[in-house]
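Have a look at the structure below before the remarks.
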Amino acid sequence: MTVNHKYYLDLAFQIAEKNLGKTRLNPSVGTVVVKNDSVISSAVTSYNGRPHSEFNALNNLKDCAGASLYTTLEPCTHYGKTPPCTNIIIKKKIKNVFYAFEDPDIRTFKKAKKFLKQKGIKAKLIPSKKYSKFYQSYFINRKQSIPFITAKIAVSKDYLTINKRDKWITNESSRNLVHLLRNKHDCILSTSKSINNDDSLLNCRINGLKNNKPDLFIIDLKLKLKKKLSLNKYLKTRKTFLITSKNNSSKLLAYKNLGYKIIFISKLEDKNDLNLLFKKIYKMGYSRMLIETGLTFLNNLIRYKMINDLFIFKSNKKLGDKGKNNNTSNFLKKVHPKLLKINLNGDNLFKKEFNYV
């Protein structure tokens, strides 16, 4: 009988997607254990990256000798903060291991197959076209030592980004999808100007995700962030950082007393400065960042080629003299994003994937 490897790997990816953006610098991996054509266990990488999914799927299984293990990423073979996943695969007498991607970590890259073969375990790489971009963020993390950068912005039909008479440009369906988007990232980057104007919370406010508040970085070079903001009530349960170049002891003490953490930088004037900031954030343990700012900052990121994914939520209504822009929208118009087939009750969602060489 032919085994449907694709079916089990697809299932593993669906499981891995659950913790995408919640496993810090480790990738979110899904694992499925199959014996006698039945799934006997499944697991995902734990919050903050440990234990790994293979351990979670196998640790409590008592009779899995001869089973096949399907996992989205090559099982690790090296000792880090935890033993390698190949150890428990061998201990539990797994017969076959199938995986969709090779791990770019040089400590494991292309080593699992050879190592498991020495123990009498067949291991095989089965690439998945359907999920070919699933680990794009992890590969960028490893290659560039910066977070994967996603940006989103809302625009009217006539490409205005500020509604002078209302806080919102797009409808509730679009805003709910933004909450889901935030849920796939471990931090959000904004500016004091954007937050002051909108009194933004920048959290997940839909059922089932309300406890998930990605940590927040606020660029506030001149310490202009208002002291009375709605997000202040979450400062005890959510890490919130102020990124500044101004050393004003009295202001800094006031922010610290509120619960903000301070990050000093010398300047933020060009691509190199931004890259240094992103590397700093990556070293702090953040792998997927969502940018939620105005047009000025977003335009710079597009111009500097520093965005990996861009989501444009577009209303079906024009704002005309009821709206405005603080910067040109030409950059948005020129990226030629792809329309996604998602029902947003009149709004449209466009996505541009930037593949920089």
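One-based numbering along the sequence shown.
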How about Thr45 and Asn19: does a side-chain donor come under 3.5 Å of a side-chain acceptor? no
With the threshold set at 4.0 Å, does a side-chain nitrogen-carboxylate oxygen contact exist between Lys267 and Asp273? yes
Nearest heavy-atom pair of Ser53 and Thr31: which atoms, and what distance? OG-OG1, 2.6 Å
How far apart are the closest heavy atoms of Ser287 and Asp186, and which atoms are they? N-OD2, 2.9 Å
Is there a path of hydrophobic side-chain contacts, each under 4.5 Å between heavy atoms of I, L, V, M, F, W or Y residues, that connects Leu258 with Leu201? yes
Backbone N or O of Leu160 within a donor-acceptor pair of the Lys318 side chain at under 3.5 Å? no
Would you give the length of the straight line joining atom OG of Ser41 to atom CG of Leu61, rounded to the nearest 0.5 angstrom? 4.5 Å
Taking all heavy atoms of Cys76 and all of Pro84, pick out the closest pair and write down the distance. O-CB, 3.5 Å
Ring pair (Phe, Tyr, Trp, His ring centres under 6.0 Å) between Phe313 and Phe350, worked out: CA-CA 6 Å; Phe313 291 83; Phe350 297 83; 10.0 Å; no
Between Glu102 and Lys113, does at least one N-O distance fall below 4.0 Å, as a salt bridge requires? no
Could you measure the distance from the CD atom of Gln136 to the CD1 atom of Ile140? Nearest 0.5 Å is fine. 4.5 Å
Checking Lys164 side chain against Asp321 main chain: does a donor-acceptor pair fall under 3.5 Å? yes
Yes or no on ring pair (Phe, Tyr, Trp, His ring centres under 6.0 Å) for Tyr260 and Phe241, after CA distance, side-chain angles and deciding distance? CA-CA 6 Å; Tyr260 291 94; Phe241 302 88; 10.0 Å; no
Side chain Tyr8, main chain Leu69, donor-acceptor under 3.5 Å: no
Can you find a pair of side-chain heavy atoms, one from Met306 and one from Asn275, that are under 4.5 Å apart? yes
Ser194 pairs by side-chain hydrogen bond (donor to acceptor under 3.5 Å, both in side chains) with which of Asn196, Thr191, Asp198? Thr191
Let me see the working for Arg205 and Asn203 under side chain to side chain donor-acceptor pair (under 3.5 Å), right down to the final yes or no. CA-CA 6 Å; Arg205 300 189 299 278; Asn203 57 7; 2.7 Å; yes
Output the distance between atom CD1 (Ile195) and atom OG (Ser200), rounded to the nearest 0.5 Å. 5.5 Å
Given the rule in the side chain to side chain donor-acceptor pair (under 3.5 Å) test, do Asn299 and Asn327 qualify, once you have shown the distances and angles that lead to the verdict? CA-CA 8 Å; Asn299 282 344; Asn327 209 296; 3.2 Å; yes
Residues Asn36 and Ser38: side-chain donor-acceptor under 3.5 angstrom: no
Assess whether atom CG of Asn257 is packed by more than 12 heavy atoms of other residues, nucleotides or ligands within 6.0 Å. yes
Name of the residue among Tyr135, Tyr131, Tyr99 meeting side-chain hydrogen bond (donor to acceptor under 3.5 Å, both in side chains) with Thr72: Tyr135
Nearest heavy-atom contact between Arg303 and Phe331 is CD-CZ, 3.9 Å
Short question: side chain of Glu74, backbone of Lys110 - any donor-acceptor pair under 3.5 Å? yes
So Arg288 and Ser137, side chain to side chain donor-acceptor pair (under 3.5 Å) or not? Walk me through it. CA-CA 7 Å; Arg288 292 174 59 86; Ser137 60; 3.1 Å; yes
Where the side chain of Lys124 meets the backbone of Val97, is there a donor-acceptor pair that is under 3.5 Å apart? no
Any side-chain heavy-atom pair from Lys236 and Tyr234 closer than 4.5 angstrom? no
Is the backbone of Thr150 close enough, under 3.5 Å, to the side chain of Asp309 for a donor and an acceptor to pair up by distance? no
Backbone N/O of Thr170 and side chain of Arg175: donor-acceptor pair under 3.5 Å: yes
Which heavy atom of Pro75 sits nearest a heavy atom of Ala112, and at what distance? O-CB, 3.5 Å
How many angstroms lie between NZ in Lys119 and NZ in Lys114, if you round to the nearest 0.5 Å? 13.0 Å
Under a 4.0 Å threshold between the charged nitrogen and the carboxylate oxygen, would Lys193 count as salt-bridged to Asp220? no
Got Arg182 and Leu202 here, is their nearest side-chain heavy-atom distance under 4.5 Å? yes
Will you find, in the side chains of Asn248 and Ser250, an N or O donor that is under 3.5 Å from an N or O acceptor? yes
With a cut-off of 6.0 Å (strictly less than), are more than 12 heavy atoms of other residues, nucleotides or ligands near NZ of Lys352? yes
Under 3.5 Å: donor-acceptor pair, side chain of Asn26, backbone of Gly49: yes
Lys227 atom NZ, over 12 foreign heavy atoms within 6.0 Å: yes
Counting N and O atoms only, with roles assigned by atom type, does the side chain of Arg142 sit under 3.5 Å from a partner on the main chain of Asp105, one being a donor and the other an acceptor? no
Intermediate values then yes/no, side chain to side chain donor-acceptor pair (under 3.5 Å), Asp158 and Ser156: CA-CA 5 Å; Asp158 46 353; Ser156 62; 2.4 Å; yes
Derivation of the salt bridge (charged side-chain N to carboxylate O under 4.0 Å, His left out) call for Lys35 and Asp63: CA-CA 10 Å; Lys35 187 173 182 179; Asp63 182 17; 3.2 Å; yes
To check you understand the geometry: which heavy-atom pair defines the closest contact between Phe264 and Leu252, and what is its length? CZ-CD1, 3.4 Å
Please check this pair: side chain of Asn96 against backbone of Ile121, looking for a donor-acceptor N/O pair closer than 3.5 Å. no
Six-ring centre of Tyr159, Lys333 cation under 6.0 angstrom, axis tolerance 45°: yes
All ring pair (Phe, Tyr, Trp, His ring centres under 6.0 Å) counterparts of Phe98, not counting sequence neighbours: His5, Tyr70
Would you please say whether a donor-acceptor pair under 3.5 Å links the side chains of Tyr282 and Asn141? no
